[in-house]
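What follows is a set of notes on a single structure, which appears directly below.
Just so it is clear, the model here is predicted, and its values are computed rather than measured. Residue numbering restarts at 1 for every chain, and letters A, B, ... go by the order of the sequence lines.
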There are 2 protein chains.
Amino acid sequence: MLKELADFKVGVDNVIFSVDGQLNRLFVLLVKRPKDPYQAYWSLPGTLVRKGESLETAAYRILSEKIRVSNLYLEQLYTFGGPARDPRESSDSYAVRYLSVSYFALLRYEDAKLIDNHSGLTTWYNLEKIPELAFDHREILNYGYRRLRNKLEYSPIAFEVLPEVFTLNDLYQLYCTILGENFSDYSNFRSRLLKFGFLADTGTKIYKGIGRPATLYRFDSQAFAPLKDRPLVFI
Amino acid sequence: MLKELADFKVGVDNVIFSVDGQLNRLFVLLVKRPKDPYQAYWSLPGTLVRKGESLETAAYRILSEKIRVSNLYLEQLYTFGGPARDPRESSDSYAVRYLSVSYFALLRYEDAKLIDNHSGLTTWYNLEKIPELAFDHREILNYGYRRLRNKLEYSPIAFEVLPEVFTLNDLYQLYCTILGENFSDYSNFRSRLLKFGFLADTGTKIYKGIGRPATLYRFDSQAFAPLKDRPLVFI
DNA sequence: ACAAAAGTGTTACCGTTACACCCATGC
DNA sequence: GCATGGGTGTAACGGTAACACTTTTGT
């Protein structure tokens with residue numbers, strides 16, 4: 001029996017979530033495949049890794065080809081690498097294998113501008129209404145969605161997604177949209193977050209028409225440092 | 001500028017932890033590299049993925065080449081794939097790239113038998129006394145150790161590592177060894193675990209010499225099912 | 001009887017939950 | 001004045017932490 005090593009091309013597939021805090025919608029970015037395999041199917045935006053390019057660089061490259069955005073969070077998700085996950089691998093198992101390293105990203109819908117959305121080949125899909133996807137992308141998406149919710153509860157990723165200054169309501173809306181309404185009472189969420197001490201009052205207030213003006217806060221990474229690695233819960 | 005795709009060989013590196021509940025020791029399995037690069041350095045046991053082989057299969061293959069053990073937990077950790085992480089990649093960046101998909105495994109020291117430990121090229125190293133490692137393996141190890149502690153707190157992985165029936169003390173020792181003494185009072189740990197309701201009293205008791213005999217429990221996956229995906233905490 | 005190991009119980013404390021309530025603004 | 005959105009306060013509840021205590025065994 002031969003023990004030959006497999007040869008791989010490595011792809012990076014991104015699960016890019018965008019949160020619309022205003023209208024409480026959670027989207028994922030899908031692209032329509034222009035060619036076989038899975039021609040005309042929707043899929044996660046992906047690319048193959050080039051010579052001299054790191055995995056993360058490749059992930060950022062796809063993202064920046066599709067979206068212009070200032071604040072985002074991105075991390076590696078999982079690596080899917082079974083043989084025959086890509087039909088391009090011929091069944092005699094002597095062809096090149098395609099391995100997919102997936103990443104997940106989070107950004108705000110209102111801050112993101114789609115590049116080339118005239119063609120309609122790149123679209124935000126509501127998470128509730130995902131069509132059938134190419135390859136094992138549905139599985140990757142599910143995995144990413146689970147990770148997103150976990151990360152939000154236990155890590156300060158929200159502050160990498162929000163702009164420099166933000167209101168506690170902006171933050172709350174972000175959480176609501178992802179974790180679902182009533183994940184926590186607003187007033188309790190508020191006091192918990194403020195008690196941590198890493199949200200600095202900027203002194204300025206923002207007036208958005210009717211109603212009391214909201215205080216603008218800034219994430220103070222100095223003050224957050226000691227809490228790093230400890231089990232935070234933003235419930 | 002050329003946009004040529006990189007060609008990869010894919011390696012799997014395992015961070016294999018073993019817990020010695022009796023003597024409160026936590027080990028990681030290291031192997032001495034027989035050849036360049038990093039000849040004679042200690043490293044995580046790894047292998048390159050063969051044709052027709054899945055990543056997970058490769059991970060189990062290395063493991064079973066080194067250890068005979070009945071119960072273990074294994075999961076994918078992270079994929080390290082920057083260019084030049086392996087010196088075999090020549091600097092002109094036109095050579096084959098080496099990507100490492102890492103896995104972490106947990107098993108019990110007392111249940112594991114090392115295969116071929118005469119040569120001394122495969123050894124359990126105490127986590128406190130890790131030597132300099134080859135490649136980026138120190139980084140992988142640190143990552144694995146963090147994951148191990150998290151998993152133990154939030155997932156029922158302990159029950160995949162313990163034998164079919166076990167005492168609450170076996171379980172407690174496992175937790176103590178990994179999370180550190182005083183991670184929780186024994187009596188509190190005990191009542192929390194029993195309250196969950198997924199530990200079934202087998203009715204039998206085990207007599208280990210002096211002292212009151214211990215009740216043997218079995219993990220009841222039926223009873224655990226409804227708790228799945230919910231945020232458990234075994235603190 | 002005593003030491004060792006297993007198992008039970010109790011209490012003070014602290015954080016969460018679910019509200020009700022007060023404040024500042026535009027119309 | 002009143003609707004609207006922002007912000008504060010509080011009291012009941014439930015779980016945790018720390019520790020003392022009881023039970024069952026071997027010698």
Side-chain angles (χ1 to χ4, degrees), chain A residues 21-24 110 152-154 162-163 165-177 179-218 227 230-235, chain B residues 21-24 110 152-154 162-163 165-177 179-218 227 230-235:
Chain A
Q22 258 84 66
L23 295 166
N24 251 265
E110 42 270 65
L152 207 66
E153 290 189 33
Y154 304 117
L162 289 168
V165 296
F166 51 86
T167 71
L168 283 176
N169 220 36
D170 289 338
L171 185 61
Y172 183 64
Q173 292 309 328
L174 184 78
Y175 271 80
C176 273
T177 306
L179 301 178
E181 209 72 40
N182 332 348
F183 79 97
S184 171
D185 184 282
Y186 173 63
S187 96
N188 292 330
F189 177 77
R190 198 189 151 70
S191 42
R192 182 182 307 111
L193 266 287
L194 289 176
K195 201 164 37 177
F196 282 132
F198 55 69
L199 293 183
D201 189 331
T202 61
T204 37
K205 296 195 179 296
I206 189 170
Y207 295 76
K208 342 178 178 176
I210 203 171
R212 180 172 173 173
T215 307
L216 286 171
Y217 289 88
R218 167 180 285 108
L227 303 174
R230 317 228 170 294
L232 279 207
V233 179
F234 302 87
I235 294 192
Chain B
Q22 259 84 67
L23 295 168
N24 252 265
E110 42 269 66
L152 207 67
E153 289 189 33
Y154 304 117
L162 289 168
V165 296
F166 51 86
T167 70
L168 282 177
N169 219 36
D170 290 339
L171 185 60
Y172 183 64
Q173 292 310 329
L174 185 80
Y175 272 79
C176 273
T177 305
L179 300 179
E181 210 71 41
N182 332 347
F183 80 97
S184 172
D185 183 283
Y186 174 62
S187 98
N188 293 329
F189 177 77
R190 199 189 149 72
S191 45
R192 183 182 307 111
L193 265 289
L194 288 177
K195 201 164 40 177
F196 282 131
F198 54 68
L199 293 183
D201 189 330
T202 60
T204 38
K205 296 195 178 299
I206 189 169
Y207 296 74
K208 343 180 179 175
I210 202 172
R212 181 173 174 171
T215 307
L216 286 171
Y217 288 89
R218 167 179 285 109
L227 301 175
R230 318 226 171 295
L232 279 207
V233 179
F234 302 86
I235 293 190

Below 6.0 angstrom between ring centroids: does that apply to A/Y172 and A/F166? no
Between A/Y186 and D/dG6, is there a contact of a side-chain N or O with OP1 or OP2 at under 4.0 Å? no
Is the ring pair A/Y154/B/Y154 parallel, tilted or perpendicular, if the boundaries are 30 and 60 degrees? parallel
Between C1' of D/dG6 and OH of A/Y172, the distance in whole Å: 13 Å
A/T202 versus A/T204, closest heavy-atom pair with distance: OG1-OG1, 2.8 Å
Can you check the A/R212 CZ to D/dA3 C1' distance for me, whole Å? 16 Å
Can you measure A/L168 atom CG to D/dG5 atom P for me and round it to whole angstrom units? 17 Å
Length of the CZ-P vector between B/F234 and D/dG15, whole Å: 17 Å
Look at the side-chain N and O atoms of B/Y207 and state whether any lies under 4.0 Å from the OP1 or OP2 oxygen of D/dG26. no
Parallel, tilted or perpendicular, as decided by the 30° and 60° cut-offs, for the rings of B/Y175 and B/F189: tilted
By nearest heavy atom, map A/I210 and B/P213 onto DNA chain C; which one lands nearer the 5' end? B/P213
Minimum-distance pair of heavy atoms, taken over all atoms of B/R192 and B/S184: NH1-OG, 4.3 Å
Judged by each residue's nearest nucleotide on DNA chain D, which is more toward the 5′ side, A/L216 or B/K205? A/L216
Output a table of nitrogen or oxygen pairs between the protein and nucleotides 13-17 of chain C separated by less than 3.5 Å.
none

Between P on C/dA5 and CZ on B/R190, what's the gap in Å once rounded to a whole number? 16 Å
Whole Å only: how far is the CZ atom of B/F189 from the C1' atom of C/dT8? 17 Å
Any side-chain heavy-atom pair from B/T215 and B/T167 closer than 4.5 angstrom? no
Whole-Å gap separating P (D/dT27) and NZ (B/K208): 16 Å
Classify the side chain of A/S187 versus the base of D/dG9 as yes if they form a donor-acceptor pair under 3.5 Å and no if they do not. yes
Are A/F198 and A/Y217 an aromatic pair by the rule of ring centers under 6.0 Å? no
Separation of C/dT8 atom P from B/D185 atom CG, nearest Å, is 14 Å
